[in-house]
Structure formats: structure tokens, C-alpha cells
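Single-structure report; data block below.
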Amino acid sequence: MKLPRKFYSKNTKIVARELLGKILVHKKCKGKIVETEAYFGKNDPASRAYMGRPKFCVKLMNDKPGKALIYMVHNNWLFNIVAHEKNETGAVLIRALEPLEGIKIMKKRRGVNDIKNLTNGPGKLTKAFGIDKRHNGLDLTKDNLFIENSNEKFEIVNTTRIGISRGKERLLRFYIKDNEFVSKK
DNA sequence: AGGAAGATCTACT
DNA sequence: GTAGATCTTCCTA
């Protein structure tokens, strides 16, 4: 079942946590979300929507929840989902997936054979799924690209965000405990 | 024109 | 496991 817009219309941190274990679907490819990070617009120096960052990021982060936000960093497309309460700003970064379907296609696109190395990083998973700027602003409640619900149970770990230069001290990173596909432990 | 960016790969200690 | 080079876009001067 596809997640409704209502799912994304909550506090960014809560959505980040609840997205764990859900299934990202793009064409023939499916992957379980195993790692996420929450980013806010204002008062978050690590956010792309902070101060003079790219306009389209700010705009989208303020837009309707449930949209895809994609931007380039160091030759890597990063995939975020706009998620926030009314009149707020925020998005959830998908940091890592566990490949479920379309693994052959992912291997071909990534040029590697090791399953564990296919989608265990924010830049890797976009490449494996064939996601790029064309998908920026896409509505995840439509058919092309969306997220499926799941009732799986697991332990969730809450830590600081990684790979950023500012705003490191906040506990806004979530991942599934003991999962092999988390980018870093 | 120059720099920064939420990363990745490779090559070492 | 850590360190350095390098990739592309967008922002500011």
C-alpha cells in the first residue's frame, strides 16, 4: 500500500523515524529504507534550505509534504522527501536502502557486483535506482516513484548526523539496528 | 572566477 | 580504518 500524504504531514523527525523499514519503489526497483536523517530549514545550519542555499531547495521544503527533493553534492544526487507539519519547513534524507527487487538493474547501473555495496549510501542509492534531477519535485503520492507501507518490527538507533560540517550535535539520524546496509555504524 | 557542498573511490598507514 | 583527490552544480563577489 502506498503511503498517503498524511504520513508526511507530521514533524520531520517523526517522519524520519517512521520511514525506516518502508519500501521505496521506482519502476522495477524496490528497496527497504534502513537509514534516514531529518533536516530542517530554519535554525539548521546543515540544511540545504538554510540561509542562502539553493532556492529550489527552500521552495520545495516549504512545499506540500510528500514530494521528492533531489540535489547534487560532489557528483552525487541525494534523495530527500519533503515532510513537515503545516507552516513548517523540513525534509528527510534517505541515506541507505536494502535492495529487494531489480537488483540486476542496480548492479548494472552501479557497475558493482557486491549487493552490500549497491545502496549503502545516499549517493549510491540514487545511482542504483536511476534517480536524478528529473525526479526533483515529483509527488510521491503519484505512480512513478513512491513509498510502500510495511509492518516490520525492528530496533531503531538514534544518533547524530554524519558527513556534514555544521549542526553535527543534533540527534536526527535514525537507522535499523544491526542492518548490514546502513552506511556507517 | 572562486568556493563550498548532507559523498565516494582509491591508496595507503 | 583513515586520508586525500576528485567529481558537478549553485551561490556570492
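Scope of the values below: all heavy atoms of this structure, side chains included, with no hydrogens, waters or symmetry mates. Residue numbers begin at 1 in each chain, while the letters A, B, ... track the order of the sequences. Just so you know, these numbers come straight off a predicted model, no measurement behind them.
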> Taking the side chain from A/R173 and the backbone from A/N158, do they hold a donor-acceptor pair closer than 3.5 Å?
Replying inline: no
> For the side chain of A/N80 and the base of B/dG6, is some donor closer than 3.5 Å to an acceptor across the two?
Replying inline: yes
>> Does this structure show an ion pair linking A/K107 with A/D114, if we count only N-O contacts that are shorter than 4.0 Å?
In response: no
> Looking at residues 62-73 of chain A, who's got a heavy atom less than 4.0 Å off DNA chain B?
Replying inline: A/Y71, A/V73
> Over how many whole Å does the gap from A/H74 atom NE2 to B/dA4 atom C1' extend?
Replying inline: 8 Å
>> Side chain of A/N75 only, heavy atoms from C-beta on: which candidate in B/dG6, B/dA5, C/dT8 is closest?
In response: C/dT8
> Which other residues belong to the hydrophobic cluster containing A/I105, where Ile, Leu, Val, Met, Phe, Trp and Tyr are joined when side-chain heavy atoms lie under 4.5 Å apart, directly or via other members?
Replying inline: none
> salt bridge (Lys or Arg N to Asp or Glu O under 4.0 Å) with A/K142: which residues, sequence neighbours excluded?
Replying inline: A/D139
>> Rounded to whole Å, please give me the gap between CD in A/E169 and P in B/dG6.
In response: 14 Å
> Just how far, in rounded Å, is C1' of B/dG6 from CD1 of A/I131?
Replying inline: 16 Å
>> I'd like to check the salt bridge (Lys or Arg N to Asp or Glu O under 4.0 Å) partners of A/R134; sequence neighbours left out, ordered by chain and number.
In response: A/D132
> With clusters built from Ile, Leu, Val, Met, Phe, Trp and Tyr whose side-chain heavy atoms come within less than 4.5 Å, directly or transitively, what are the remaining members of the cluster of A/V25, listed by chain and number?
Replying inline: A/I23, A/L100, A/F146
>> Going by the rule side-chain hydrogen bond (donor to acceptor under 3.5 Å, both in side chains), which residues pair with A/D44 if we only count those two or more places apart in sequence or in a different chain?
In response: A/R161
> Rounded to whole angstrom units, what separation is found between the OH atom of A/Y50 and the C1' atom of C/dT12?
Replying inline: 16 Å
> Between B/dA5 atom P and A/R161 atom CZ, what is the distance in whole Å?
Replying inline: 14 Å
> Starting at CD1 of A/I162 and ending at P of C/dG1, how long is that distance when rounded to a whole Å?
Replying inline: 14 Å
> With nearest nucleotides of DNA chain C determined for A/K133 and A/N76 from heavy-atom distances, which residue corresponds to the more 5′ nucleotide?
Replying inline: A/N76
>> Given a 3.5 Å cut-off on both pairing distances, which stems involving DNA chain C, each at least three consecutive Watson-Crick or G-U pairs, are present, if any?
In response: B:1-5 with C:8-12, B:7-12 with C:1-6
> Who else is in A/I162's hydrophobic cluster (ILVMFWY, side-chain heavy atoms under 4.5 Å, direct or via others)?
Replying inline: none
>> Looking at A/R110, I'd like to know whether one of its side-chain N or O atoms comes within less than 4.0 Å of OP1 or OP2 on B/dC9.
In response: yes
>> Expected output is a numbered-order residue list: members of residues 118-126 of chain A with a heavy atom under 4.0 Å from any atom of DNA chain B. What is it?
In response: A/G121, A/P122, A/G123, A/K124
>> Using whole Å, what does the distance between atom P of nucleotide C/dT8 and atom NZ of A/K127 come to?
In response: 11 Å
> Rounded to the Å, how far apart are A/R48 CZ and B/dA7 P?
Replying inline: 10 Å
> What residues, two or more places apart in sequence or in another chain, satisfy side-chain hydrogen bond (donor to acceptor under 3.5 Å, both in side chains) together with A/E169?
Replying inline: none
>> Under the rule for salt bridge (Lys or Arg N to Asp or Glu O under 4.0 Å), what residues qualify as partners of A/K22, not counting sequence neighbours?
In response: none
> If you group Ile, Leu, Val, Met, Phe, Trp and Tyr whenever their side-chain heavy atoms sit less than 4.5 Å apart, what else falls in with A/V82?
Replying inline: A/Y39, A/F56, A/L60, A/M61, A/L69, A/Y71, A/V73, A/L78, A/L93, A/I164
> Is it true that A/V182 and A/L24 fall in one hydrophobic cluster, defined by side-chain heavy atoms closer than 4.5 Å?
Replying inline: yes
>> OP1 or OP2 of B/dG6 versus the side-chain N and O atoms of A/S47: is any pair under 4.0 Å?
In response: no
